[in-house]
Number of protein chains: 2
Amino acid sequence: MSGNWRPPSSTDVARAAGVSQSAVSRAFTPGARIAEATRAKVMAAAEALGYRPNLLPKILQTNRSGIVAVVVGGFYNPYFAMTLEAFSLALTAAGRQMLLVRVDSDRVLDGVVDQLAGYRVDAVVSALALTSQDAADQLAKLRIPIVTLNSDLAGDWIRSVSSDNFAAGEAAARLLHARGGTRFGFVAGPADSPAQVAREAGFAQGLASLGLPPAVRAGGGYDYASGEAAARALFAGPERPDAVFCANDLAAFGVIDTLREAFDLKVPDDVLVVGYDNLDMAAWAPYRLTSFDQDVEALVEAAMALLSVEAGATCVARTVPSQLVERESTRRR
Amino acid sequence: MSGNWRPPSSTDVARAAGVSQSAVSRAFTPGARIAEATRAKVMAAAEALGYRPNLLPKILQTNRSGIVAVVVGGFYNPYFAMTLEAFSLALTAAGRQMLLVRVDSDRVLDGVVDQLAGYRVDAVVSALALTSQDAADQLAKLRIPIVTLNSDLAGDWIRSVSSDNFAAGEAAARLLHARGGTRFGFVAGPADSPAQVAREAGFAQGLASLGLPPAVRAGGGYDYASGEAAARALFAGPERPDAVFCANDLAAFGVIDTLREAFDLKVPDDVLVVGYDNLDMAAWAPYRLTSFDQDVEALVEAAMALLSVEAGATCVARTVPSQLVERESTRRR
DNA sequence: CTGGCGAGTGAATAGCTATGCACGCATTCG
DNA sequence: CGAATGCGTGCATAGCTATTCACTCGCCAG
């Protein structure tokens with residue numbers, strides 16, 4: 001009964017309205033030349049049949065689907081939620097749709113590339129640094145523009161947007177020094193994250209240019225558990241840091257909780273802590289964490305601009321400054 | 001130069017390989033009748049040209065795109081992130097793609113429905129209760145199945161999956177009573193959320209069947225700030241509750257922080273607190289919040305099953321039990 | 001009165017793939 | 001040796017819309 005049902009086509013509407021298929025198409029095309037009376041007839045018939053124009057034939061001809069694929073590696077970090085939210089709003093405002101692709105690793109992305117190409121997505125946004133050069137090259141061969149966030153890929157069809165991780169690292173060093181820190185610690189994110197590398201390098205550079213000793217290092221992940229583990233490692237010995245810069249907020253929360261629970265240390269009285277991302281939670285009472293706001297709005301705006309750039313354009317990389325938001329966790333001692 | 005470039009078609013590959021277009025199609029169709037030698041020739045040519053089969057013509061004929069639209073109202077609540085994560089995995093495993101649609105209100109969904117229909121999405125999953133009956137009816141007219149989570153819509157093309165909110169409310173009442181609570185408080189979510197209503201009703205029923213006085217009520221949102229405000233309201237008077245059930249974890253965090261900061265009350269020593277959703281954060285040191293795990297896996301599995309159900313089927317609503325995870329915040333006094 | 005013009009309409013077509021149908025060829029069986 | 005079977009291939013077509021082209025008709029200006 002409903003097995004072979006198919007949605008009404010423009011031809012069906014045309015038959016019902018007693019006009020040609022072209023007329024129906026024109027009725028739904030803004031600015032097309034059509035008499036008001038005809039348009040009204042068509043609209044009435046369309047309404048009665050529940051007709052919605054099929055977008056696929058247009059896509060088939062133009063190879064422009066209006067769909068942007070957003071590739072993420074998981075949602076455990078609320079930072080991705082912020083980014084997705086902003087992207088979603090921007091894409092909707094631009095009249096485009098978001099195809100969300102979650103991948104565990106490059107290998108899986110490879111498998112999905114075929115599908116993305118098959119759907120003729122207009123572009124790919126990689127919210128993660130996990131898109132490998134290999135996968136990027138593959139997309140480039142298909143002439144699908146790719147915008148990466150906080151990565152360091154390069155290529156003809158690759159544009160990238162980064163927050164100014166290096167400068168933020170420097171700023172963190174200056175801030176911790178100004179607030180009375182003397183022995184510095186750094187809680188690292190995953191080694192394969194360019195953002196992590198830049199933040200660490202900036203922090204080291206900042207300490208060096210102030211004539212301060214380098215930071216003790218621990219960690220290796222962007223999640224809460226990594227922060228816990230890093231804190232245990234950093235504060236196990238006798239020479240405990242009194243100022244810690246964490247590669248992101250989630251790790252910072254783990255650090256703070258561990259300092260309190262396992263070492264009975266107070267923030268900021270015993271240890272100053274700075275994070276990165278400025279999650280909503282950073283403002284919550286147990287943390288009141290000083291952090292760097294990536295200015296997701298600006299990041300996404302830049303990414304959207306790069307999406308529409310032609311291939312071979314000159315400006316293919318943008319850096320968005322991140323803003324320091326100081327809270328209780330770096331109150332001067 | 002690159003303005004009129006178009007991706008290679010099966011015809012291009014056929015020409016390059018010296019075979020017919022049909023042969024190319026068959027080479028990419030598993031189980032099709034084709035000689036191994038021919039397949040090899042085709043694959044070599046396809047590789048050289050960077051050919052990927054265009055999925056659109058198939059969709060055009062079958063009206064099945066393999067795309068499922070997921071409608072959400074925002075990402076501020078990490079619970080949505082959990083749900084998205086699980087859905088994403090399930091859809092990928094089923095070889096389908098996820099079109100993520102973020103809407104502010106029903107009105108916006110109405111506007112997007114045309115597009116969804118135009119792309120011939122196979123189904124719509126509404127992760128929010130914000131899909132109105134009106135929008136649902138509209139989708140039904142288009143014969144697009146819709147699966148709603150924790151909502152109470154009804155109709156021919158609507159299936160729904162809910163966690164057992166009522167039972168959880170009852171369980172919360174029993175638990176708080178068993179742990180020594182005597183004066184009960186309820187921190188409500190938004191009034192238009194069926195989940196909120198069911199949780200509150202279950203809690204009330206639970207208290208009543210134990211012969212306990214009804215709970216004092218405050219709140220009206222699922223976010224942290226609502227929890228803060230609710231706590232201020234509940235604990236302003238002289239008759240302070242000593243056991244609070246919150247409609248979700250995020251609000252519970254706001255409650256706990258406010259109890260500590262503004263009222264100098266300890267959890268669980270002075271007040272027992274129970275939340276709902278079992279976010280990752282519920283396990284963190286400052287909270288150690290007793291909560292109900294919605295079993296997102298099961299929820300999504302049920303939703304996936306309902307996606308493929310035929311219209312007019314009998315089983316169109318499922319309830320998934322949520323599991324109590326007890327932590328420090330309800331330690332017996 | 002006629003040529004021209006503009007508005008409105010219908011017919012035809014491109015865009016790409018999967019698949020049913022028919023055909024050729026080789027192999028096997030009676 | 002003839003017939004039948006089955007494999008492999010090519011041809012033709014459906015699916016739906018936007019757009020181009022050609023055509024008609026009414027109207028105005030010369």
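Just so we're on the same page: letters track the sequence lines, and every chain starts at 1. The structure displayed is predicted, hence computed values, not measured ones.
- Take A/Ser162 and apply the side chain to side chain contact (heavy atoms under 4.5 Å, CB included) test, not counting sequence neighbours, and it matches A/Asn150.
- As rounded to whole Å, 14 Å separates atom P of D/dG8 from atom NZ of B/Lys41.
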**OP:** Go along nucleotides 15-23 of chain D 5' to 3' and tag each nucleotide: B for a protein heavy atom under 4.0 Å from its base, S when only backbone or sugar atoms are that close, - otherwise.
**Re:** BBBBBB---

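- For the pair A/Glu36 CD and C/dG8 P, the computed distance is 10 Å after rounding to whole Å.
- Residues that satisfy the side-chain hydrogen bond (donor to acceptor under 3.5 Å, both in side chains) test with A/Asp152, not counting sequence neighbours, are absent from this structure.
- The stretch residues 57-76 of chain B participates, sequence neighbours left out, in no ring pair (Phe, Tyr, Trp, His ring centres under 6.0 Å) pair at all.
- Rounding to whole angstrom units, CZ of residue B/Arg64 and P of C/dA18 are separated by 17 Å.
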Distance-only donor-acceptor hits, side chain of residues 20-32 of chain B, under 3.5 Å, sequence neighbours excluded:
from, atom 1, to, atom 2, distance (Å)
B/Ser20, OG, B/Ser22, N, 3.4
B/Ser20, OG, B/Ala23, N, 3.4
B/Gln21, NE2, B/Ser10, OG, 3.3
B/Thr29, OG1, B/Ser25, O, 2.7

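- Comparing D/dG10, D/dG8, C/dG10 by their closest approach to the side chain of B/Thr38 singles out D/dG8.
- Counting heavy atoms from C-beta on, the side chains of B/Pro7 and A/Asn63 come closer than 4.5 Å.
- Judged as a side-chain hydrogen bond (donor to acceptor under 3.5 Å, both in side chains), and not counting sequence neighbours, the contacts of B/Tyr79 are B/Gln294.
- Residue-level contact check: B/Thr62 touches neither bases nor backbone, having no heavy atom under 4.0 Å from any strand.
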